[in-house]
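Only one structure is covered here, and it is reproduced in the block below.
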Amino acid sequence: MTTRARTRLPRSSRHRRRLKLLLLSIIAAGATVLAACDSGGSVSDLEGEEGEENEEQAMEVDPEHEGEEVELEFWTFVDAHADFMMERAEEFNAENSDYNIVINASVADYEDMHDRLLVALQSGAGAPDVVDIEIGRFGTYLRGDVQLHPLTDVVDAHRDELVEERTAPYQLDGVDYGIDYHLGTWVMFYNNAVLEEAGVDVDEIVTWDDYIEAGQQVAENTDAMMTSVETTAPTSLLGLMKQNGGGIYDENNELILDSPENVEAVQLISDMVHEHGIAEAPPGSEHHETAYYEAFNNGEYASVWMPQWYMIRFTEFMPDTEGDMLVRPMPEFEPGGFISTMGGGTGTAITTHIDEEKLDAAKEFLGFAKLTYDAQVALWTDLGFDPFRNDVYDDPALTEPDPWFGDEPVMTNLQEMFDRLAPEYTGPRYPEAIIQLAENVAYEVIEENADPQQSLERGADQVRSVDE
Amino acid sequence: MTPEKKAQVGMAERPEVQMSEPPRGGDGAWPATLHPDGRRRRLNGGPKKVIATALVTLVAILFIIPFYWLVISALRPSERIFADAGNFLPSAVTLDNFQNLFDQTPIVTWFMNSVILATGSTVGSMIVVTMAAYALAKIKFPLRNTIFVGILASQMLPFHLLLIPLFLLMIDLSLIDTHLGVIVPMLAHPFGLFYMRQYMLGLPQEMFDAARVDGASEYRIFFGVVVPMVKPAMATLAIIFSLEQWNDLLWPLIVMRSEENFPLSVGITTLVGLYRPRWDLVMTAAVLAVVPIMILFFLLRKQFINGLGQFGTGAK
Amino acid sequence: MVFMLPFLVLFGVFRVYAVGYAIVLSFQDIEGIGVTEWTGFSNYRRLLSDSTFFTALRNTALYTAGTLLVLIPVPFILAAVLQSKLVVRQSALRSAFFLPVLTSLVVVGVVFSLLLTTNGLVNSFLGLFGVPAQGWLETRSLAIPAMIIMAFWRWTGINIIYFTTGLSNIPSELYESASVDGAGPIRKFWHLSVPLSKPIILFVTVLTIFGGFQLFVEPLILWGTGGGPGQGGLSVVVHLYRTAFTSFQLGYASAIGVVLALIIMSVSLITLKLFGFFKKE
């Protein structure tokens, strides 16, 4: 087709066009050469220096080491996990003369990494040796022929010291397939400055009723809100559901998304929002959003319930909360009942695609890096996570008072809850159930005042229909 | 819609052929008061012109603002990116984000991968498409039209239907995580074929006949006569194919698995991480993804605009 | 015929065979790794009771309708105004509208997640007209409008180009004679530009329907998992993608793909019919 403008093109510009065309074909010709070199391999063959830059996450090989060099391809979706594993590998190599572990870590986005892992396992090529799988996605990899190596013997070597509840989510038929990074004890974080302004004594809050009462006092006496509930993530709901003895699956691998315990917990949250006016959706709708960090930092919220690993968010992103934060147990549903549970989690697993000769080294390393006394202390000192090995809670590193959190020994206080932890079970449709909680139940109940029971039932039906 | 129909409508608009077509599709809709007399008359200028220009310019500025935002966000200190999201001027300007991008991500590798994928698929598609278009336009063979129509009709299927079979095919062919795996399935480009065929139909038949009379083989005709003549159309296709590949996310997202094989589009999505999105890196990488296309655009503005216009409407 | 061969082989393997493969898969149950089973129509039956699919379908249809509402009239008017002699510096302005077309959807998503945050520019702009700040990315009912805003920015330029190509095909003599008869610009627009551009409007409409129903990248970038608040941003393709790669039910995902293809084809055909495309001219 000819546009009018085109027919009027002066000669010179036609000529220029021809030059540009020439330029284009030169570019294209160059590309053909490049494409020809690229026989499906990696681009790093083409430009060495950039390739090296990409290896940045890999460890340097210690040429002095006498042990057998074992390179492990490690995939994770958390930067800090990559650093953590590399440091453990250095320690491992320093103590171990048989193997010289070299971690080749690759950090990718959460969704991508999990999808890609599935593709790799399915296609039988390109899978990593060691991989971090988030608890919500773990069930996906336990379907069909499990492509993960059993780690039961690795866990067995330390099992007596471990908090038992933390190994359950990564088991199938009694076999362990993953090892976590933390316990993730659910706690209530209070901004004591706000509570004091409202005239609330934090240690008077024992039950959820007390909490609601305190929340009303906060609402009356300050500009702040007692708390917030995530509307596009499952975390806030799941914490209370599990604390109340509910959750996604029970120990018999049955889906219990719409169990009475869950309904009661979500109803309580709904009441906090709609009846008592002490909770609302956070800015950005999640507790990991910059907007929420700013709001909490400005004293707009008196408290938030999140797993222990949320602690470092205060020190990193909410500088004005220094000294004002207090870590307390969740308010209880009933005296002596469950006080807490575990939130989130990431299981490190070994895939069956690992070279046979690397397997022993990988298992030995994984036990060393995740389950030994020193490793579990490092979970706290390096990552700020609560360890799931009981004996490390007496370590000086964990008993030290923390000036940011009211000068209290936070971890020591935490350990007192360990005999009141509700267990957590995962199952084959855990990922789908999490999506239902995050995208439907939380939003409907908080934003649209939907009936918790009906909403949970709808979600459960959706999950069950997946296998019909 | 019958594809023949599609083809006919498209055929009416042949590239490079100078013609003034009679109006189509008017259904006699213009009022009797209007009758052509061919006299030139200038439109009213003055205030109307100023107002119209001002209004359109205002809308155009709205369209430019997101680019300004992208650049200004990339220059903001990382902790201010969201805090200042509503502020027109940055409270501070820094190049640290770019420094971090180069230090902390394999951005150069990603960039090179994008270049390789874009050029590889462009060159490949151009060869495949031009050859096929020549056969469809100028060589007679059985079922010619049926094949053409079938190819066009396939365009109605959404790509996502093919996602899973193609993914399984790539596994079988061991093309997962390779550049070829991204490029090869996309080479047979129906719109490109259609555009090229229409263009060739517009070329004078005498040229080919003359060559045939001289006894030249089809290969000689193709490389000696056809290719030089369709260069402008190839330029258009080059722009379109490379743009499509450069900006594509879904297919490389599925095929590419190792970080060192990602193109920019996939690389950027990895930076929008779960617990701590690196907006500083995301913004700077996005700038780097946009800049080369913009440079190319300003160098070849006419080809871009005419090419895309022709390409789209030619293929209707 | 040899010239056709590369194209035909590639097309045969990666299109024809792949479509057939997809249809076959849609009658199978492929779950977990290495488990395949023939299940007849059960994937399709399941689709009928999958309320997530219907949520996604409703969202996608709404999005498509919304994009049609903004992406046909506005670019057409802009193209007409740019085409008329009322505007100076046309080509610079056309370039400004065109630049977003060159931008990858990933970048568009990244920029708009910034522009659409609560304290972002879109809200500041609306604030000028007294509109209170909206939680664009946090409210179920605003998820689709947020994506339509993005689509408007992304695609207006290319539609202007299409319409301009169509409009420049209208012989200028028609406009000139209309002017002689005293028709103003608005009259000429309604009685000349619009009716004479019918084929191109039809073409852009069908393209927009195609694009709308294939919505995928935008929700994925704006909301990590692609569902958005209360699944207000969930599209059919995102549902397909998640079914395939999160739940790893390739058979069921293929059935979603087949149904989506049928929907797109029927909607396009109905549109063509409404435009009178099949009538003999």
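Chain letters run A, B, ... following the sequence lines, proteins first, then strands; residues in each count from 1. Keep in mind it's a predicted model, so treat the numbers as computed, not measured.
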For [X], is it the side chain, the backbone, both or neither that has a heavy atom under 4.5 Å from a heavy atom of chain B?
{"X": "C:Leu121", "answer": "both"}
{"X": "C:Ser113", "answer": "both"}
{"X": "C:Val9", "answer": "neither"}
{"X": "C:Leu202", "answer": "neither"}
{"X": "C:Phe216", "answer": "side chain"}
{"X": "C:Val237", "answer": "side chain"}

Quick check on [X] against chain C: is it the side chain, the backbone, both or neither that has a heavy atom closer than 4.5 Å?
{"X": "B:Val266", "result": "neither"}
{"X": "B:Val56", "result": "both"}
{"X": "B:Leu264", "result": "neither"}
{"X": "B:Val287", "result": "neither"}
{"X": "B:Leu173", "result": "side chain"}
{"X": "B:Leu55", "result": "neither"}
{"X": "B:Leu168", "result": "side chain"}
{"X": "B:Ile61", "result": "neither"}

request  = Would you check if B:Leu187 and C:Phe7 make a side-chain contact, meaning some heavy-atom pair closer than 4.5 Å?
outcome  = no
Within-4.5 Å side-chain heavy-atom neighbours: C:Tyr241 and B:Leu250 = yes
Give a yes or no on whether the backbone of [Y] and the side-chain of [X] come within a donor-acceptor separation of less than 3.5 Å.
{"X": "C:Thr60", "Y": "C:Val236", "answer": "yes"}
{"X": "B:Ser265", "Y": "B:Asp248", "answer": "yes"}
{"X": "C:Ser177", "Y": "C:Leu174", "answer": "yes"}
{"X": "C:Arg94", "Y": "C:Ile161", "answer": "no"}
{"X": "C:Ser197", "Y": "C:Ile200", "answer": "no"}

Top residue by heavy-atom pair count (under 4.5 Å) with chain B, among [options]?
{"options": "C:Leu220, C:Asn119, C:Leu10, C:Val111", "value": "C:Asn119"}
{"options": "C:Thr103, C:Ile264, C:Val24", "value": "C:Thr103"}
{"options": "C:Ser91, C:Ala244, C:Ser124", "value": "C:Ser91"}
{"options": "C:Val217, C:Val122, C:Leu102, C:Val107", "value": "C:Leu102"}
{"options": "C:Tyr175, C:Phe210, C:Phe152", "value": "C:Phe210"}
{"options": "C:Phe213, C:Trp190, C:Trp153, C:Phe112", "value": "C:Trp153"}

inquiry  = Just by distance, no angles: are the side chains of C:Ser95 and B:Arg301 close enough, under 3.5 Å, to form a donor-acceptor pair?
reply    = yes
query = With a 3.5 Å cut-off and no angle check, do the side chains of C:Ser179 and C:Lys188 form a donor-acceptor pair?
reply = yes
Sub-6.0 Å ring centroid separation between C:Trp155 and C:Tyr162 = no
inquiry  = Tell me if the aromatic rings of B:Tyr219 and C:Phe3 count as close, with their centers under 6.0 Å from one another.
reply    = yes
request  = Specify the closest pair of heavy atoms between B:Arg144 and B:Leu136, including all atoms of both residues, with the distance to one decimal.
outcome  = NH1-O, 3.1 Å
